[in-house]
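First comes the structure, then the notes that go with it.
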Amino acid sequence: MIELKRLSPREVSVLPDVTNALRWLQQQPQLLTGIGRGIERESLRVRADGALSEQGHPAALGSALTHDWIITDFAEALMEFVTPVDRDIPHLLTFLRDLHRHVAKKLGDERLWPFSIPGKITDPQTIELANYGSSNLGQMKHIYRQGLKHRYGSLMQVISGIHYNFSLPTAFWEARATAENDSRPLQDVASDGYLGLIRNYYRFGWIIPYLFGASPAVCESFLSDTSVLETMESDGQGTRWFPYATSLRLSDLGYTNKSQSGLAISFNSLDEYVVGLKQAIATPSAAYEKMGLFDAQQRRIQLNTNVLQIENELYAPIRPKRVIRRGEAPSDALQRGGIEYIEVRSLDINPFSATGISEEQVRFLDVFLVWCALIDSPDMDAAQLNFVKGNWNSVIMQGRKPGLSLKGECGQHNFSLQEAGLALFDGLDTIAQILDGEPNGPYQTTCQRLRGMIVDPESTYSGKILGVIKQEGFVGSGVTLAENYRQALQQEPLEILTEDIFAKKAAESLAEQQDIEANDTLTFEQYLASRNG
């Protein structure tokens, strides 16, 4: 029997008491068997000197529109690796590494940039937007990116990250419904449970950039605001940093969108979330109306002039998701079948991994997300949501500062990050034991190692990579890591996939794109109108 540690009164005031929930889970550990996971890793293709590639997406890799595993994001040079859903961590990570091994062999002298923040980009106007062919679907994806470029700028859009998709087994939600005498359809129970997880992620997810934030520095060419540059430390050779920052990618300098701060997106119920999302898509924006739909050459530069062009434009550290059908909007998919999984979007690229993510990160996310699903999760109004975001901002900009204080949700007291982090790991340790099912398993080992980062901030990812960057410079250290990973991946054999599988997948994706292009029956404007309902 696992002994449940009693938190001190002070710790209880910092974090919810999870004792009863842990006891419930301890009595039926099989409820965590079959957690679903998926990884989406973004990475820029660069030349040997770290400059952004000006080549199109390699044809040998297949169609970026229809390939299941290897696609592009905002730009032709911004690759994205997508794994299928997997319930085995080593298999998941090996599959992801096989994708990287294959691509490394197809890129010639190019390599993958190992940081979230791009290297030196002399002129953002040279960034070529992703091209998906002549079909209506391909045009829509391209014009959507035109809109992103005109609204937020291309530099922001080529910041890279990791998305971690997570789902709990059906048995977990069935047991939850039984324990709470909840007779509603299971999809409603699961949807409410995932939304509770999301609210708790907002409350306590600052632990993610603290531990794993890996973008404390930038190349000064990334920032045009001289007033900001003057507040940063510098090596005098193009590298700038904040001394205690963890993830500038998540800050106002990075992949955020101030224009969306006023959106009334609620996570208290699925209906409220969908209504808020659909309202944002239908709400006109004066600023975007001023831009217009077309440029001087009558080329379309955005899909519409509303606050959001499409639902994916919403910037959030975590999202409720469901696999969509072709032509279906994400919110319609959620209404149809409820929340199927959640997408964690606050992970920087891990510069210490050739694939951008490590096993310890995956195992920690499993444990932390289970904890978020277990503890009580009161509803949050807009003011409360904005308040807890303040803790995120503190950790993002000053996470390694000695004695850093965070604010309790009511705002009536402060507590130290270290105090909260250690209290959090007391609950996580028990979940790790349940997941391992035996002493000293990999989940427990992970928690023990990461607990040490709470005590020693310089051992966090941001602390370690800043030490490297200070020695070699931002671009220099990125070039070194990129080349090391390129050589390693090129020399490694495939373990799960084969070159024949990759060749077949590429050919099938190209044929599927041709089929889509050949079967368009609507004009683009008709197609766009049909998608808008």
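As the structure is a prediction and not an experimental result, all values here were calculated from the model.
- We find that R199 and D376 are not joined by a salt bridge, their nearest charged nitrogen and carboxylate oxygen being 4.0 Å or further apart.
- Between the CG atom of L92 and the CD atom of E359 there is a distance of 10.0 Å, given to the nearest 0.5 Å.
- Within the 4.5 Å cutoff, the side chain of F267 has heavy atoms near those of the L385 side chain.
- A donor-acceptor pair shorter than 3.5 Å cannot be found between the side chains of Q30 and T33.
- Shown here are the salt bridge (Lys or Arg N to Asp or Glu O under 4.0 Å) partners of D520, two or more places apart in sequence or in another chain: there are none.
- For CD of E508, the number of neighbouring non-hydrogen atoms (other residues, nucleotides, ligands) closer than 6.0 Å is greater than 12.
- In this structure, Y443 has no ring-ring contact (aromatic ring centres under 6.0 Å, His included) partners at least two apart in sequence or on a different chain.
- Taking the salt bridge (Lys or Arg N to Asp or Glu O under 4.0 Å) definition, one finds that D182 meets it with R184, sequence neighbours left out.
- Y194 and S167 form no side-chain donor-acceptor contact under 3.5 Å, judged by distance and modelled atom types alone.
- Side-chain atoms of Q361 do not come within 3.5 Å of backbone N or O of F212 as any donor-acceptor pair.
- A donor-acceptor pair is defined here as one N or O able to donate and one able to accept, closer than 3.5 Å; no such pair exists between the side chain of Q157 and the backbone of L148.
- Residues F368 and W206 place their aromatic rings such that the two centres sit no closer than 6.0 Å.
- Salt-bridge formation is not detected for the pair R249/E42: no Lys NZ or Arg NE/NH1/NH2 atom is positioned less than 4.0 Å from an Asp or Glu carboxylate oxygen.
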**Prompt:** Would M291 and T305 count as a side chain to side chain contact (heavy atoms under 4.5 Å, CB included) if you check the C-alpha gap in whole Å, the side-chain angles of each, and the deciding distance to 0.1 Å?
**Reply:** CA-CA 8 Å; M291 288 181 185; T305 58; over 6 Å; no
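- Not less than 6.0 angstrom separates the ring centroid of F74 from the ring centroid of Y152.
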**Request:** Evaluate the criterion side chain to side chain contact (heavy atoms under 4.5 Å, CB included) for residue pair L308 and N306; output intermediate values, then yes/no.
**Result:** CA-CA 5 Å; L308 301 180; N306 296 333; over 6 Å; no
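- Residues passing the ring-ring contact (aromatic ring centres under 6.0 Å, His included) test with F425 are F364, sequence neighbours excluded.
- More than 12 non-hydrogen atoms from other residues, nucleotides or ligands lie less than 6.0 angstrom from CD of E289.
- In summary, E76 and R145 do not engage in a salt bridge, as defined by a charged side-chain N under 4.0 Å from a carboxylate O.
- Residues that satisfy the ring-ring contact (aromatic ring centres under 6.0 Å, His included) test with Y210, not counting sequence neighbours, are absent from this structure.
- Side-chain atoms of S358 and Y461 include a donor-acceptor pair closer than 3.5 Å.
- In this structure the side chain of I339 reaches within 4.5 angstrom of the side chain of L270, judged on heavy atoms.
- A donor-acceptor pair is defined here as one N or O able to donate and one able to accept, closer than 3.5 Å; such a pair exists between the side chain of D348 and the backbone of S215.
- Here the CG atom belonging to L303 is positioned 11.0 Å from the CD atom belonging to Q139, to the nearest 0.5 angstrom.
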**Message:** Working note: R45 + L112, criterion side chain to side chain contact (heavy atoms under 4.5 Å, CB included); need CA distance, chi angles, decisive distance, verdict.
**Reply:** CA-CA 5 Å; R45 287 186 291 111; L112 299 174; 4.2 Å; yes
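- Checked against salt bridge (Lys or Arg N to Asp or Glu O under 4.0 Å), D366 has the following partners two or more places apart in sequence or in another chain: R37.
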**Request:** Verify salt bridge (charged side-chain N to carboxylate O under 4.0 Å, His left out) between E40 and K321, making sure each step is shown before the conclusion.
**Result:** CA-CA 14 Å; E40 302 167 27; K321 299 290 290 266; 5.5 Å; no
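- Of the possible donor and acceptor atoms, none in the side chain of S462 sits under 3.5 Å from a partner among the backbone N and O of P216.
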**Request:** In sequence, state the C-alpha distance, the side-chain angles, and the governing distance for L365 and I208, and then conclude on side chain to side chain contact (heavy atoms under 4.5 Å, CB included).
**Result:** CA-CA 9 Å; L365 287 169; I208 303 296; 3.6 Å; yes
